[in-house]
Amino acid sequence: MTAGKRTLRAVVRALVIAMLLHGCASDGIQARSAADNFALGQQMLAQGRFEEGFALIEQAVRDAPKRLEYQVSLANQREAVLAALAQEADRDRAVGQYARAEALYQQMLRVDSTSPRAKAGLAQIPVDQRHDLLIAEAEAAVAKGEVTAADAMLRQVLQENPQNARARELARRVVESQSASFTPPALKRSLNKPITLEFRDADLGAVFEVMSRAAGINFVLDREVQSDTKVNIFVRNTPIDDVLKILLVTNQLERKVLNDNSILVFPNSPAKQREYQDLVVRSFYLTNADAKQTQAMLKTMIKARDVYID
């Protein structure tokens with residue numbers, strides 16, 4: 001046998017061996033059973049290789065369509081993995097870790113391309129980023145004392161996302177600052193100056209006139225106050241404020257400070273109390289409460305008729 005023939009025969013033998021080995025390897029891949037795919041898929045899921053693991057389990061389901069336990073396991077495990085990924089993604093999004101959140105939502109779509117929670121999360125990321133900018137602008141406005149502008153920005157955020165913790169906290173601070181900024185007017189002059197009065201069957205208006213001159217305070221009488229009502233009062237060296245209280249109580253009257261040197265006197269009736277009471281608007285931001293129940297509670301606690309739900 002010549003050397004050329006021996007070389008050709010060796011090459012043919014090598015090719016046959018290679019083909020046989022390839023066939024064996026191919027047979028091994030094709031011959032992997034549904035049970036093997038299912039078991040291997042479970043291992044990959046345990047390792048966090050969700051896409052690969054579910055692909056193998058899906059193959060097991062296709063290869064063994066009568067094995068209902070495979071289908072049930074696939075559905076349950078996919079639901080559990082999606083829930084875990086969504087929880088982590090939502091948590092990252094809530095703290096502003098938008099890149100990590102987006103990656104997790106994308107991973108959810110690779111596990112289930114129809115996942116509505118993943119699609120909603122991806123759509124919410126640009127909204128949250130816009131909210132972050134509005135809240136930052138609101139914080140800057142609060143620092144400058146521009147609480148009205150800050151309140152408008154925060155309302156916009158809370159209308160779109162009532163659960164935004166940063167917006168709720170800043171809104172609470174804005175409301176508190178607005179409430180604290182309201183201070184009723186006070187008298188500049190003290191009413192502790194003692195006065196002596198001796199009146200029998202005198203007109204109420206005349207008594208107020210004497211007190212006005214003594215204290216340097218203007219008394220404005222409501223149109224329903226009868227200035228010609230007869231009063232009897234005898235006091236010596238008594239502070240004007242105490243004398244005023246005696247006159248008001250004995251004649252069913254009430255007072256309200258209008259400015260630094262004027263007092264309004266009006267009948268002490270529910271209608272007049274409502275007419276002259278100071279009105280302050282305050283917003284209550286709810287977290288875990290029913291709006292209508294809270295409205296009823298506020299009306300009962302603060303005796304307010306005008307409580308509205310936004």
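For the numbers below, each heavy atom of this structure counts, side chains included, while hydrogens, waters and symmetry mates do not.
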### Task
Give a yes or no answer on whether the side chain of T250 reaches the backbone of I246 with a donor-acceptor pair at less than 3.5 Å.
yes
#### Entry: Main-chain N/O of L204 paired to K230 side chain as donor or acceptor, under 3.5 Å
no
### Side-chain donor-acceptor pair present, R93, Y105, cut-off under 3.5 Å
yes
### Task
Kindly compute the distance separating CG (L264) from CG (N259), expressed to the nearest 0.5 Å.
10.5 Å
### Message
Under 3.5 Å, is there a donor on one side chain and an acceptor on the other for R110 and Q107?
### Response
no
### Task
State plainly whether the residues K144 and E146 are in salt-bridge range, i.e. N to O under 4.0 Å.
no
### Query
Would T148 and D151 count as having a side-chain donor-acceptor pair, cut-off 3.5 Å?
no
### Message
Any non-hydrogen side-chain atom of F266 less than 4.5 Å from a side-chain atom of L221?
### Response
no
### Interatomic spacing from CG in N268 to CG in L248 - rounded to 0.5 Å
9.0 Å
### Query
Side chains of K119 and S115: closer than 4.5 Å at any heavy-atom pair?
no
#### Entry: Criterion side chain to side chain contact (heavy atoms under 4.5 Å, CB included) on K299 and Q295, from CA distance to verdict
CA-CA 6 Å; K299 285 185 175 181; Q295 181 188 39; 4.2 Å; yes
### Query
Quick one: CG on L104 to CD on E102, what's the gap to the nearest 0.5 Å?
10.5 Å
### Message
Between V210 and L197, is there a side-chain heavy-atom distance shorter than 4.5 Å?
### Response
yes
### Message
Within a 6.0 Å radius of atom CD on Q87, are there more than 12 heavy atoms belonging to other residues, nucleotides or ligands?
### Response
no
#### Entry: Residues V127, N161; criterion side chain to side chain contact (heavy atoms under 4.5 Å, CB included); working and verdict
CA-CA 9 Å; V127 177; N161 181 12; over 6 Å; no
### Task
Please identify each residue that fulfils side chain to side chain contact (heavy atoms under 4.5 Å, CB included) with E137, with sequence neighbours left out.
L134, M153
### Pair R255 + D241: basic N to acidic O under 4.0 Å
yes
### Message
Tell me whether L40 shares a hydrophobic cluster with V111, the cluster being built from Ile, Leu, Val, Met, Phe, Trp, Tyr side chains joined at under 4.5 Å.
### Response
no
### Query
Please walk me through it: do R155 and L158 pass side chain to side chain contact (heavy atoms under 4.5 Å, CB included)?
CA-CA 5 Å; R155 285 181 181 274; L158 291 171; 5.9 Å; no
### Task
State, yes or no, whether a side-chain contact exists between D112 and L82 at a heavy-atom distance under 4.5 Å.
yes
### Query
Looking only at heavy atoms, which two atoms of S227 and D203 are closest? And how far apart?
O-CB, 3.6 Å
### Query
If you group Ile, Leu, Val, Met, Phe, Trp and Tyr by side-chain heavy-atom gaps below 4.5 Å, do I125 and I135 land in one group?
no
### Query
Salt-bridged, E209 to R213, with N to O below 4.0 Å?
yes
### Message
Which heavy atom of A86 sits nearest to which heavy atom of R117, and what is that distance?
### Response
CB-NE, 3.3 Å
### Query
Please walk me through it: do Q156 and R130 pass side chain to side chain contact (heavy atoms under 4.5 Å, CB included)?
CA-CA 11 Å; Q156 181 178 347; R130 178 167 54 83; 3.8 Å; yes
### Task
Salt-bridge test for E254 and K272: reply yes if a basic N is under 4.0 Å from a carboxylate O, no otherwise.
no
### Query
Can you name the closest pair of heavy atoms from G53 and M44 and give their distance?
CA-CB, 3.7 Å
### Query
For the side-chain contact (heavy atoms from CB on, under 4.5 Å) test, which of V220, L191, N218 pairs with I263?
L191
### Query
With a 4.5 Å limit on heavy-atom distance, are the side chains of L253 and L247 in contact?
no
### Message
Donor-acceptor pair, distance only, cut-off 3.5 Å: does the side chain of K256 make one with the backbone of V265?
### Response
no
### Task
Decide, yes or no, whether a salt bridge links D132 with R166 under the criterion of side-chain N to carboxylate O below 4.0 Å.
yes
### Query
To the nearest 0.5 Å, what is the distance between CG (L154) and NE2 (H131)?
11.0 Å
### Task
Please name the pair of heavy atoms, one in L85 and one in M108, separated by the smallest distance, quoted to 0.1 Å.
CB-CG, 3.5 Å
### Validation row: E88, D92 side chains within 4.5 angstrom (heavy atoms)
yes
### Query
Is the shortest heavy-atom distance from the side chain of S73 to the side chain of Q42 under 4.5 Å?
yes
### Query
With sequence neighbours left out, what residues match Q226 under side chain to side chain donor-acceptor pair (under 3.5 Å)?
none
### Query
Is it true that V231 and M211 fall in one hydrophobic cluster, defined by side-chain heavy atoms closer than 4.5 Å?
yes
### Task
Kindly compute the distance separating CD (Q129) from CD (Q124), expressed to the nearest 0.5 Å.
10.5 Å
## Note on the structure
Minimal heavy-atom distance between A150 and A138, with the atoms involved, is CB-O, 3.6 Å
### Task
Tell me, please, which residues at least two apart from Y70 pass ring-ring contact (aromatic ring centres under 6.0 Å, His included).
F38
### Message
For the CZ atom of R91 and the CZ atom of R100, what is their distance to the nearest 0.5 Å?
### Response
8.5 Å
### Query
Are the side chain of S113 and the backbone N or O of L109 linked by a donor-acceptor pair below 3.5 Å?
no
### Message
Quick check: do Q43 and R49 have side-chain heavy atoms less than 4.5 Å from each other?
### Response
no
### Message
Are V225 and V257 connected into the same hydrophobic cluster when the rule is that any two of I, L, V, M, F, W, Y join if their side-chain heavy atoms are below 4.5 Å apart?
### Response
yes
### Task
Identify the heavy atoms of I217 and S212 that sit nearest to each other, and give their distance.
O-OG, 2.5 Å
#### Entry: Test: R78 and E58 ion pair at under 4.0 Å
yes
